[in-house]
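Step one of this worksheet: look at the structure below.
What you see is a predicted model; the values in this text were computed from it and never measured. Letters go in sequence order (proteins before strands), and every chain restarts at 1.
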Amino acid sequence: MIYLQLFWSFFQIGLFSFGGGMAAMPLIQNQVVDINGWLTLAEFTDLITISEMTPGPIAINSATFVGTQIAGLGGALVSTLGCILPSCIIVSLLAWLYGKYKELTVIKGVLAGLRPTVVALIFSAGLSILVLSFWGQGGFKWDISSTDFIAVTLFAAGLFLLREFKLNPIFIMLGSGVVGGVCYLLL
Amino acid sequence: MGKSFKNYFTLFKSTFSLSAFTFGGGYVIIPLMKKKFVDKLGWLEEEEMLNMAALAQSSPGAMAVNVSILVGWRLMGISGALVAIVGTVLPPLIILSVISLFYAAFRDNAIVSVVLKGMMAGVCAVIFDVVITMGGKIIKTKKLLPVLIMFGAFAVYYVLHVNVIYIILFCGALGALVSLHDKKAGKEHI
């Protein structure tokens, strides 16, 4: 009953992963490497690398990757379903409560307190990616020679185009991928 | 929001394309969704978008999936939520299925890695653009408390690496207490 095992493992990952993708990583490792032995630690490290290189939540990426390796496309579907089912149930409940009680002073207050928090969290995530993009895995350095100027230029140009001309963000991301790719290969 | 085929298709297309570009963690999808659903389509208010982000953050599971469920639900009920889930899950499902078949070749490919490196800088530009707009609006309200919460939450999370769950709990509780107190005192701090 490999399908049931995959479903149950990823259901637990979906249920207990609070606080973003990186928080889910130890849970995934625990289920996939330690408990079930579906991947070796080296394969798991590859999976994390690939997850960071590709779009999408790390938990969904892992579910698809592990499911495909263990039981083909069916395995991928079952694992992904297990992974998102807890979210579906809990978030639907929250959405219903929000719709029902959003006019209450307490709920309005909670949300008013959380809105600036969310902006701060988005900014933190953006800053982490920015540091990674400009200086690589080692983190921020004052050293000019270790700064990636192609990335700095792409970032500045992208931000300028977004703010001044309100270009479509997808166009900015694809454009910087193509222009950056060519620059990295040629320079 | 009318439940026409056209609207369902727009919802699916939007969540699918946003999910396909959510590199680097769940928060990245919020700026993208804000641009699409608030600025471009006008289906949501900016404040609602942030409320949904806060709700999504307070639930377990992947942020991108959670916020898609909320947006889909708010726009077109349960069927909208289902359409949004499918749109959000399909891109990583397709991409990872293909990659897992020949992942060693993908991981070591030089062209793939430089294109992704370039895209990372573009993703940053999009995030900063939206943060400037949203942060600017919070500062323009001229209320001290939200501004303090914004900078405080950033410092505590980015510099001190405090678990997000505690930050969310604290700021939510603070907002609730202050708003209750304000209602009694007839003031508006938050």
Problem set entry | Backbone of B:Glu47 reached by a side-chain donor or acceptor of A:Arg115 within 3.5 Å | no
For this session: Using non-hydrogen atoms and a 4.5 Å limit, figure out which bit of B:Lys183 sits close to chain A: side chain, backbone, both or neither.
Result: side chain
Exercise. Hey, mind stepping through B:Met52 and A:Val91 against side chain to side chain contact (heavy atoms under 4.5 Å, CB included) and telling me if it holds?
Worked result: CA-CA 10 Å; B:Met52 288 179 192; A:Val91 173; over 6 Å; no
Problem set entry | Name of the residue among A:Ile60, A:Val66, A:Asn61 meeting side-chain contact (heavy atoms from CB on, under 4.5 Å) with B:Leu96 | A:Asn61
Exercise. Of the backbone (N, CA, C, O) and the side chain (C-beta and beyond), which part of B:Pro146 lies under 4.5 Å from a heavy atom of chain A, both, or neither?
Worked result: both
Exercise. For B:Val112, is it the side chain, the backbone, both, or neither that has a heavy atom closer than 4.5 Å to a heavy atom of chain A?
Worked result: side chain
Exercise. Tell me, side chain or backbone of A:Cys83 under 4.5 Å from chain B's heavy atoms, or both, or neither?
Worked result: neither
For this session: Check each atom of A:Val118 against the heavy atoms of chain B and say whether the ones under 4.5 Å are side chain, backbone, both or neither.
Result: side chain
Problem set entry | CZ (B:Phe170) with more than 12 external heavy atoms under 6.0 Å | no
Exercise. With respect to chain B, which residue among A:Pro116, A:Gly181, A:Ala120, A:Gly180 yields the maximal number of heavy-atom pairs within a distance under 4.5 Å?
Worked result: A:Pro116
For this session: Looking only at non-hydrogen atoms, find the nearest pair between A:Ser87 and B:Gly61 and report the distance.
Result: OG-CA, 3.5 Å
Exercise. Just wondering, do B:Ile132 and A:Arg163 contact through their side chains at under 4.5 Å, heavy atoms?
Worked result: yes
Exercise. Is there a path from A:Leu73 to A:Phe10 through hydrophobic residues (I, L, V, M, F, W, Y) whose side chains come within less than 4.5 Å of each other?
Worked result: no
Exercise. Can you list the steps and then say if A:Phe134 with B:Met120 is a side chain to side chain contact (heavy atoms under 4.5 Å, CB included)?
Worked result: CA-CA 10 Å; A:Phe134 287 4; B:Met120 198 154 74; over 6 Å; no
For this session: Heavy-atom distances under 4.5 Å only: say whether A:Leu127 touches chain B with side chain, backbone, both or neither.
Result: both
Exercise. Checking heavy atoms, do the side chain of A:Thr153, its backbone, both or neither come under 4.5 Å from chain B?
Worked result: neither
For this session: Scan B:Val28, B:Ile95, B:Leu18, B:Leu116 and name whichever one has a side-chain contact (heavy atoms from CB on, under 4.5 Å) with A:Pro55.
Result: B:Ile95
For this session: Could you tell me whether the side chain of A:Gln69 and the main chain of B:Ser100 form a donor-acceptor pair under 3.5 Å?
Result: yes
Problem set entry | A:Leu111, part contacting chain B, at a heavy-atom distance under 4.5 Å | both
Exercise. Checking side chain to side chain contact (heavy atoms under 4.5 Å, CB included) for the pair A:Val106/B:Ser179: CA distance, chi angles, key distance, verdict?
Worked result: CA-CA 7 Å; A:Val106 181; B:Ser179 65; 5.8 Å; no
Seminar exercise, completed: Greatest number of non-hydrogen atom pairs under 4.5 angstrom with chain B, of A:Val152, A:Asp46, A:Ile13, A:Ile107, falls to A:Asp46
Exercise. Can you tell which of A:Ser124, A:Gly14, A:Gly113 has the highest number of heavy-atom pairs within less than 4.5 Å of chain B?
Worked result: A:Ser124
Problem set entry | Interface residue of largest heavy-atom contact number with chain B, from A:Ile172, A:Leu154, A:Thr68, A:Ile122, under 4.5 Å | A:Ile122
For this session: Measure distances from A:Ser92 to the heavy atoms of chain B and classify the residue's part below 4.5 Å as side chain, backbone, both or neither.
Result: both
Problem set entry | Inter-residue atom distance A:Ile90.CD1 - B:Ser58.OG, 0.5 Å rounding | 11.5 Å
Exercise. Near A:Phe171 CZ, under 6.0 Å, is it more than 12 heavy atoms from other residues, nucleotides or ligands?
Worked result: no
Seminar exercise, completed: Nearest heavy-atom approach of A:Leu94 to B:Leu55 is CD1-O, 3.8 Å
Exercise. Which one of A:Gly72, A:Gly158, A:Ala95 has the most heavy-atom pairs closer than 4.5 Å to chain B?
Worked result: A:Ala95
For this session: Mark yes when over 12 heavy atoms from residues, nucleotides or ligands other than B:Lys40 sit less than 6.0 Å from its NZ; otherwise mark no.
Result: no
Seminar exercise, completed: Closest non-hydrogen contact found for B:Ile85 with A:Cys88 is CD1-SG, 3.4 Å
Problem set entry | Most contacts with chain A, counted as non-hydrogen pairs under 4.5 angstrom, among B:Thr133, B:Leu148, B:Val130 | B:Thr133
For this session: Starting from the C-alpha separation in whole Å, work towards a yes-or-no answer on ring-ring contact (aromatic ring centres under 6.0 Å, His included) for B:Phe128 and A:Phe123.
Result: CA-CA 7 Å; B:Phe128 276 71; A:Phe123 180 59; 5.6 Å; yes
For this session: Among the options B:Val114, B:Asp182, B:Leu177, pick out the one with the most heavy-atom pairs lying under 4.5 Å from chain A.
Result: B:Val114
Problem set entry | Closest contact, heavy atoms only, B:Tyr158 versus A:Ser128 | CE1-OG, 3.5 Å
For this session: Select, from B:Ala125, B:Ala81, B:Gly122, B:Ala20, the one with the greatest count of heavy-atom pairs under 4.5 Å involving chain A.
Result: B:Ala125
Exercise. At what distance, to the nearest 0.5 angstrom, does OG1 of A:Thr64 lie from CD1 of B:Ile94?
Worked result: 10.0 Å
Problem set entry | pair A:Leu121-B:Phe154: side-chain heavy atoms closer than 4.5 Å | no
For this session: Mind running side chain to side chain contact (heavy atoms under 4.5 Å, CB included) on B:Asp39 and A:Lys166 for me, showing each step along the way?
Result: CA-CA 10 Å; B:Asp39 301 345; A:Lys166 311 260 176 246; over 6 Å; no
For this session: Using the rule that two of Ile, Leu, Val, Met, Phe, Trp, Tyr join whenever any of their side-chain heavy atoms come within less than 4.5 Å, decide whether B:Leu32 and B:Leu41 are in one cluster.
Result: yes
Problem set entry | chain A interface, residue from B:Ser113, B:Ser97, B:Ala110, B:Ala62 that has the most non-hydrogen pairs under 4.5 Å | B:Ser97
For this session: Sort out for me which of B:Asn51, B:Val147, B:Ile111, B:Ile30 touches chain A most, counting heavy-atom pairs under 4.5 Å.
Result: B:Asn51
Exercise. Would the number of heavy atoms belonging to other residues, nucleotides or ligands and lying under 6.0 Å from CG of A:Leu187 be above 12?
Worked result: yes
For this session: Go through the atoms of B:Val178 and report whether side chain, backbone, both or neither lie under 4.5 Å from a heavy atom of chain A.
Result: neither
For this session: Please indicate whether B:Ile78 has more than 12 foreign heavy atoms, meaning atoms of other residues, nucleotides or ligands, lying under 6.0 Å from its CD1.
Result: no
Exercise. Closest heavy-atom contact between A:Ala76 and B:Leu93?
Worked result: O-CD1, 4.1 Å
Problem set entry | Proximal component of A:Leu132, with respect to chain B [non-hydrogen, under 4.5 Å] | both
Problem set entry | B:Val115 side chain reached by A:Val178 side chain, heavy atoms, under 4.5 Å | no
Exercise. Atom CD of B:Gln57 and atom CG of A:Leu114: how far apart are they, to the nearest 0.5 Å?
Worked result: 9.5 Å
Problem set entry | Residue, of B:Pro31, B:Ser68, B:Cys171, B:Ala153, that accumulates the most heavy atom pairs under 4.5 Å with chain A | B:Cys171
For this session: Could you pull out the closest heavy-atom pair between A:Pro169 and B:Lys35, with the gap in Å?
Result: CG-CD, 3.6 Å
Problem set entry | Contacting moiety of A:Thr105, where chain B heavy atoms sit under 4.5 Å | both
Exercise. Should the heavy atoms of other residues, nucleotides or ligands under 6.0 Å from CG of B:Leu160 be counted, would the total exceed 12?
Worked result: yes
Exercise. Using a cut-off of under 4.5 Å for heavy-atom pairs, which of A:Pro57, A:Ala151, A:Gly126 has the most such pairs with chain B?
Worked result: A:Gly126
